[in-house]
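The block underneath contains the structure these notes are about, expressed in structure tokens.
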Amino acid sequence: MNTHFNHPSELTPAAVASLDRPVEGRRSLGCQTVLLKGVNDDPKVMMKLMHELLRRASDPTTIYGGPGGGW
């Protein structure tokens with residue numbers, strides 16, 4: 001199952017609770033992220049997002065970027 005988060009602020013308590021459910025059922029989770037100018041184009045923001053996803057057993061498998069790095 002794949003999720004889609006672009007910024008750490010999207011990891012609300014409700015979102016985190018939903019991420020925890022599949023882990024309890026032993027299903028693997030992936031996460032797709034799109035690079036967006038002004039949203040997550042700062043390496044510190046992306047690092048925080050990736051760390052928060054990994055803490056919740058969600059593997060950040062794909063980062064999409066368009067021509068010129070996605071912005």
Side-chain angles (χ1 to χ4, degrees):
M1 179 186 311
N2 269 338
T3 61
H4 186 103
F5 294 99
N6 292 318
H7 193 275
S9 66
E10 295 176 314
L11 294 169
T12 63
V16 169
S18 67
L19 289 175
D20 290 340
R21 279 190 290 256
V23 171
E24 293 166 1
R26 304 206 186 278
R27 293 185 202 113
S28 62
L29 281 176
C31 182
Q32 300 175 352
T33 301
V34 177
L35 288 175
L36 300 169
K37 186 174 185 175
V39 175
N40 61 6
D41 58 346
D42 179 339
K44 291 178 185 177
V45 171
M46 285 299 286
M47 186 181 307
K48 180 172 180 161
L49 176 61
M50 298 300 122
H51 285 170
E52 292 297 320
L53 290 167
L54 288 168
R55 281 184 53 215
R56 290 165 176 84
S58 181
D59 185 16
T61 55
T62 309
I63 299 174
Y64 293 102
W71 53 83

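One is the number of the first residue; the rest follow in order along the sequence.
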Please report the C-alpha distance between L35 and N40 in whole Å, then the side-chain angles of each, then the deciding distance to 0.1 Å, and finally whether the side chain to side chain contact (heavy atoms under 4.5 Å, CB included) criterion is met.
CA-CA 6 Å; L35 288 175; N40 61 6; 4.2 Å; yes
Rounded distance (nearest 0.5 Å) linking atom CG of L19 with atom CG of L53
7.0 Å
Gap separating the CG atom of L49 from the CD atom of E10, nearest 0.5 angstrom:
8.0 Å
Locate the shortest heavy-atom distance separating F5 from C31; write the atom from each residue and the value.
N-SG, 3.6 Å
Answer yes if M1 and I63 sit in the same cluster of Ile, Leu, Val, Met, Phe, Trp and Tyr residues linked by side chain heavy atoms under 4.5 Å apart, and no otherwise.
yes
Quick one, L29 and R56 - any side-chain contact, counting heavy atoms below 4.5 Å?
no
For the side chain to side chain contact (heavy atoms under 4.5 Å, CB included) test, which of V34, N6, T33 pairs with Y64?
V34
Determine the sole option in H51, M50, E52 for which the side chain to side chain contact (heavy atoms under 4.5 Å, CB included) test with P60 is passed.
M50
Partners meeting side-chain hydrogen bond (donor to acceptor under 3.5 Å, both in side chains) with T62 (sequence neighbours left out):
none
The criterion is side chain to side chain contact (heavy atoms under 4.5 Å, CB included); which residues satisfy it with T61, sequence neighbours excluded?
N2, D59
